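Working notes for the structure below.
Hydrogens, waters and symmetry mates are skipped; everything else that's a heavy atom, side chains included, is used. Since the model is a prediction, treat every value here as computed from it, not as a measurement.
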Amino acid sequence: MQIARDDLSDGAVAKLLSDHLDQMFELSPASDVHALRPQELVDPRISFWSARCEHRVVGCCALKSLSNSVGEIKAMKVRGDCLRRGIAQRLLTTILEDARKRGFTKLYLETGNSSAFDPAIMLYRKHGFRECGPFGSYKRTSFSRFFLLEL
């Protein structure tokens, strides 16, 4: 598997992102879906990576710079048929390495609150993320959970 920066120009990751958005809208009310659409990921403040096995997109992740020292994980997705193969672990490691290289001191994320998000939350906790309150423009709702990692 190769993980590399992706500018989303070849469209190969579009199906995975579309499936991710559909799943988020199934699991949460529309007002609590904070996943970004592909066109929103093409932003100079966002670094985006795709994971590929034999040229097939199997996962992706994105890191948004909120300031010179603070970042937010904006995307973490692995194809459903590729779960439990360590792909999410490698994607998260990629984000953490990049955040540290950029000198970030804090890394935030927002995720869902249903049991469908439990595997992701377990992964974040394994890497030292702890639950916190809303950050940035997020509001506390019964459908969102917020996490912080001090780097």
Side-chain angles (χ1 to χ4, degrees), residues 1 3-8 13-14 16-52 57-80 82-151:
M1 178 178 62
I3 297 175
R5 289 208 187 234
D6 193 320
D7 64 7
L8 297 116
V13 79
L16 181 64
L17 292 171
S18 175
D19 291 348
H20 177 61
L21 276 172
D22 291 346
Q23 184 182 30
M24 294 303 99
F25 280 105
E26 288 173 16
L27 296 171
S28 304
S31 62
D32 289 301
V33 173
H34 302 289
L36 298 178
R37 287 157 181 75
Q39 63 271 22
E40 295 172 301
L41 290 165
V42 182
D43 177 321
R45 296 171 298 165
I46 297 176
S47 299
F48 185 85
W49 295 266
S50 62
R52 298 171 190 250
V57 175
V58 296
C60 62
C61 62
L63 173 61
K64 181 177 183 179
S65 175
L66 300 179
S67 73
N68 288 337
S69 62
V70 179
E72 176 187 2
I73 296 176
K74 284 304 300 178
M76 280 281 296
K77 179 64 179 170
V78 175
R79 285 175 52 112
C82 296
L83 296 172
R84 294 176 222 1
R85 296 185 187 174
I87 297 167
Q89 168 79 31
R90 293 212 25 218
L91 289 168
L92 182 56
T93 298
T94 298
I95 286 176
L96 295 176
E97 288 173 356
D98 190 73
R100 286 183 176 106
K101 283 181 191 171
R102 292 160 85 174
F104 287 176
T105 59
K106 294 180 180 178
L107 193 56
Y108 287 96
L109 67 92
E110 179 277 336
T111 192
N113 200 26
S114 75
S115 61
F117 296 95
D118 288 349
I121 290 169
M122 286 175 31
L123 176 66
Y124 298 134
R125 285 190 169 145
K126 176 182 170 186
H127 283 270
F129 283 85
R130 61 177 175 75
E131 205 146 354
C132 66
F135 60 92
S137 62
Y138 290 105
K139 307 287 185 234
R140 185 174 304 281
T141 73
S142 60
F143 295 96
S144 288
R145 293 173 76 175
F146 305 95
F147 289 84
L148 166 66
L149 176 65
E150 305 258 0
L151 298 170

Item to check | Test ring-ring contact (aromatic ring centres under 6.0 Å, His included) applied to Phe143 - qualifying residues, sequence neighbours left out | outcome: none
Item to check | Partner set under ring-ring contact (aromatic ring centres under 6.0 Å, His included) for Phe147, not counting sequence neighbours | outcome: none
Checklist entry - Can you list the steps and then say if Arg5 with Asp98 is a side chain to side chain contact (heavy atoms under 4.5 Å, CB included)? => result CA-CA 11 Å; Arg5 289 208 187 234; Asp98 190 73; 2.7 Å; yes
Checklist entry - Are more than 12 heavy atoms from other residues, nucleotides or ligands located less than 6.0 Å from atom CZ of Arg84? => result no
If you look at every heavy atom in [X] and [Y], which pair is closest and at what distance?
X: Val42; Y: Leu8; answer: CG2-CD1, 4.2 Å
X: Gly112; Y: Ile121; answer: O-CD1, 4.0 Å
X: Leu109; Y: Glu72; answer: CA-CG, 4.5 Å
X: Leu151; Y: Ala99; answer: CD1-CB, 3.8 Å
X: Arg45; Y: Arg102; answer: O-NH2, 4.3 Å
X: Lys139; Y: Phe146; answer: O-CZ, 3.6 Å

Next on the checklist: Could you check whether Asp43 pairs with Lys74 (Lys NZ or Arg NE/NH1/NH2 to Asp/Glu carboxylate O, under 4.0 Å)?
Outcome noted: no
Quick one: [atom1] on [X] to [atom2] on [Y], what's the gap to the nearest 0.5 Å?
X: His127; Y: Gln89; atom1: NE2; atom2: CD; answer: 3.5 Å
X: Lys77; Y: Ile87; atom1: NZ; atom2: CD1; answer: 11.5 Å
X: Leu92; Y: Lys126; atom1: CG; atom2: NZ; answer: 9.5 Å
X: Arg100; Y: Thr105; atom1: CZ; atom2: OG1; answer: 12.0 Å
X: Ser69; Y: Leu107; atom1: OG; atom2: CG; answer: 11.5 Å
X: Trp49; Y: Leu63; atom1: CH2; atom2: CG; answer: 5.0 Å

Next on the checklist: For a side chain to side chain contact (heavy atoms under 4.5 Å, CB included) check, start with the C-alpha distance between Leu41 and Val13, then their side-chain angles and the critical distance, and finish with the verdict.
Outcome noted: CA-CA 12 Å; Leu41 290 165; Val13 79; over 6 Å; no
Next on the checklist: Please evaluate residues Asp6 and Cys60 with respect to the criterion side chain to side chain contact (heavy atoms under 4.5 Å, CB included), reporting the C-alpha separation (whole Å), side-chain torsions for both, the decisive distance (0.1 Å), and the verdict.
Outcome noted: CA-CA 9 Å; Asp6 193 320; Cys60 62; over 6 Å; no
With side chains defined as the heavy atoms from C-beta onward, is the minimum distance between [X] and [Y] less than 4.5 Å?
X: Arg79; Y: Val57; result: no
X: Leu148; Y: Phe135; result: no
X: Phe129; Y: Leu123; result: no

Checklist entry - Do any pairs count as a side-chain hydrogen bond (donor to acceptor under 3.5 Å, both in side chains) and have a residue in residues 106-123, sequence neighbours left out, and if so which ones? => result Glu110-Ser144
